[in-house]
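Structure first, then comments.
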Amino acid sequence: MKKIFLLIFPFIAVTLTACHCRHLRTAIDVTPGNPKECDLDWHYGANDIRIQTTKLSKTLMDRWYTKTKCKVDTFDKPTIVFGGIENRTDMYISTDLIQDVLEGVAINDGRFKIVVSHAKDEHELDCLMYKQQCNPKYCNASKLDPYSATAPHFLAKLRITKAKTKTPCYDIEDYRMTMTLYDIESQECIDQAFDLLRKVVSP
Amino acid sequence: MIKIKNASLIFFSFLISACSSPAKWQDAFLSNYQNGRITTAICELEKIKKEEIPYNNFLNSKDSVWFYLNLATMQFAKGDVRSASLNYKYALEALNYFNQASSLDNAKELLIDDNQGAYSGPIWEQTLTRLYFALTLFKMKDYGNARAILKNAEEYSNEYNYSNPLCKYLFALFLEKEGDESNAEILYRQAESCLGKPLERSSKDLATVLIICHNGNAPFKFSKHVPASTTSLLMLENFLAQYKKPIALSCLPGINVPALAKNINSFAIKTEASIDGFSKSLIPFFSIDLALSKTLHDELPLIEARSLARYLIRRSCIYAAQRQNADFGAILDLGCLVLNAMTEADTRSWCTLPSQIDLARFDLDEGKHTFDLKIGSKQLSTKEIDVKRGQMYVINIFNIHPFVTQVIL
């Protein structure tokens, strides 16, 4: 009897502990075309922002440089002024985190500069806009005309939205990041690109 | 035989050492907070938190959520909104982890006591966590993230078929100010059906000032002995004695269950706000007293059943030991007597919540306005507020004690 109990007890203990155990949630990037990254956090974080902003900035800059035929070495780089980051998901995303990631992406790309303002304060944004407009380099058409753009300043808006599909085994979360470039003076929309990131999140 | 005895003694010493209770932590800060000594209360809790959760790694402690929520609310009441929002953020991360079911925790709760399981709080408390986080973000002018957290609260409560009228109303106001009137209207109607009274709609052209009063203090839990349990267990021993089974004295302590108590100064106080002389009484939007009572009432059968099962497991071990050796059975019985006396109910709760949350709304033209507050019969000093067209402003009032009111403009 004792032997049977000693044999069965470890088995029961292992089964009980294996039934339901807590684990740290992770996510996998399953976006078609993206390399599979298994170290993503379950919530929208620095890695996700880095993946999406790298692709978006590359798309926008590639388009701009192709249309304007400018070369990076011969003139100053275009500046993108981020006036607002709209979080339309259901998760807290630190705006300081987005700013750090954007600056890192700009440095790695090397073809543009970034200025991020905390547009919570309208007065601060007005001062920033006035400073940019008074910049002697700003006297150009920031519209995409061939061979005529010189060191433009774009006003940019970043919007992040989320859609979620729940299944019994995991959640599929789609994050759509849209970057829109505006003419800094007329606020007219110049160009827009979006990126969809699909993650499979463990429950 | 000696090896089994030694193993049992080691096992019991482990069980006795595991019988710790966060009730002593609660005593350290709660009375200070409810008597208006907020800074002292925060210092006390931070000292304990530093020992239990070093480096803010919530995995170190199953009571992480309890620490973060109580600390965050006290910091919010003091006006330290930045620290409060950080602690609410940690609380949400910890909740995400500890909400997962754990068989090991269930087994520990059954064998040792109810405090062995991780604290995560009922659904209404987790919704309020998100609401308070959103309020702190709003105070820090992080409107985007505040909106995201309110949306998260709405989705979370939909998932569990729960409705919090305050979350819905706040989110509806946000959406209305953005121009999303159709979704705002749906949320307004849902909030109205929860409250049972009509609610005013806002206007895009006017500034909206929302006055949220965190009124009074919620009841706290304490461990209460159930006299009927001792009687029932004695009757069980009497029944067993008729079949010539040896009696166990470990039934004497009985079982303990959680009960609610409230500080005499913790009642909600009638609050009136007036802007430019136009006065409005704040109406109760959510009663935490009622929610706590209902939750305890619903959970009590399970708590009692688990306590009884725990007692029966220990009693079976005593019986098995008595069958082998009378002396060993007596030692085990004594050990279980001490164990049962030390086994307390789970008294962890978000004890820094208010008794109820009251709300009033004013729609104003752009410009400067005077704001007055009347708590009971006491008139507080007039303050000036400057509002802009189409914006939303939230004023948080904490009525912690009849003589202590914090106003976070």
Return the [atom1] to [atom2] distance between [X] and [Y], rounded to the nearest 0.5 Å.
| X | Y | atom1 | atom2 | value |
| --- | --- | --- | --- | --- |
| Asp90(A) | Ile149(B) | CG | CD1 | 8.0 Å |
| Glu93(B) | Arg25(A) | CD | CZ | 12.0 Å |
| Lys164(A) | Glu155(B) | NZ | CD | 6.5 Å |
| Asp142(B) | Tyr92(A) | CG | OH | 5.5 Å |
| Met91(A) | Lys151(B) | CE | NZ | 11.0 Å |

[X] portion near chain A, given a 4.5 angstrom heavy-atom threshold:
| X | answer |
| --- | --- |
| Phe98(B) | both |
| Asn106(B) | neither |
| Leu92(B) | neither |

Could you list the donor-acceptor pairs under 3.5 angstrom formed between side-chain atoms of residues 52-60 of chain B and any protein atom two or more places apart in sequence or on another chain?
{"residue": "Asn56(B)", "atom": "OD1", "partner": "Lys49(B)", "partner atom": "NZ", "Å": "3.2"}
{"residue": "Asn56(B)", "atom": "OD1", "partner": "Tyr68(B)", "partner atom": "OH", "Å": "3.1"}
{"residue": "Asn57(B)", "atom": "OD1", "partner": "Leu59(B)", "partner atom": "N", "Å": "3.3"}

Give a yes or no on this: more than 12 heavy atoms of other residues, nucleotides or ligands lie within 6.0 Å of atom [atom1] of [X].
| X | atom1 | answer |
| --- | --- | --- |
| Lys58(A) | NZ | no |
| Tyr393(B) | OH | yes |
| Lys157(A) | NZ | no |
| Arg306(B) | CZ | yes |
| Phe194(A) | CZ | no |

Side chain, backbone, both or neither: which part of Lys166(A) has a heavy atom under 4.5 Å from chain B?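 For Lys166(A), the side chain is the part near chain B, not the backbone.
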Nearest atoms (heavy-atom pairs only) where Ala148(B) meets Asn87(A):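 Distance-wise, the nearest heavy atoms are CB-ND2, 3.5 Å.
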Between Glu86(A), Arg88(A), His43(A), which has the largest tally of heavy atom pairs under 4.5 Å with chain B?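 Looking at each option in turn, the highest pair count goes to Arg88(A).
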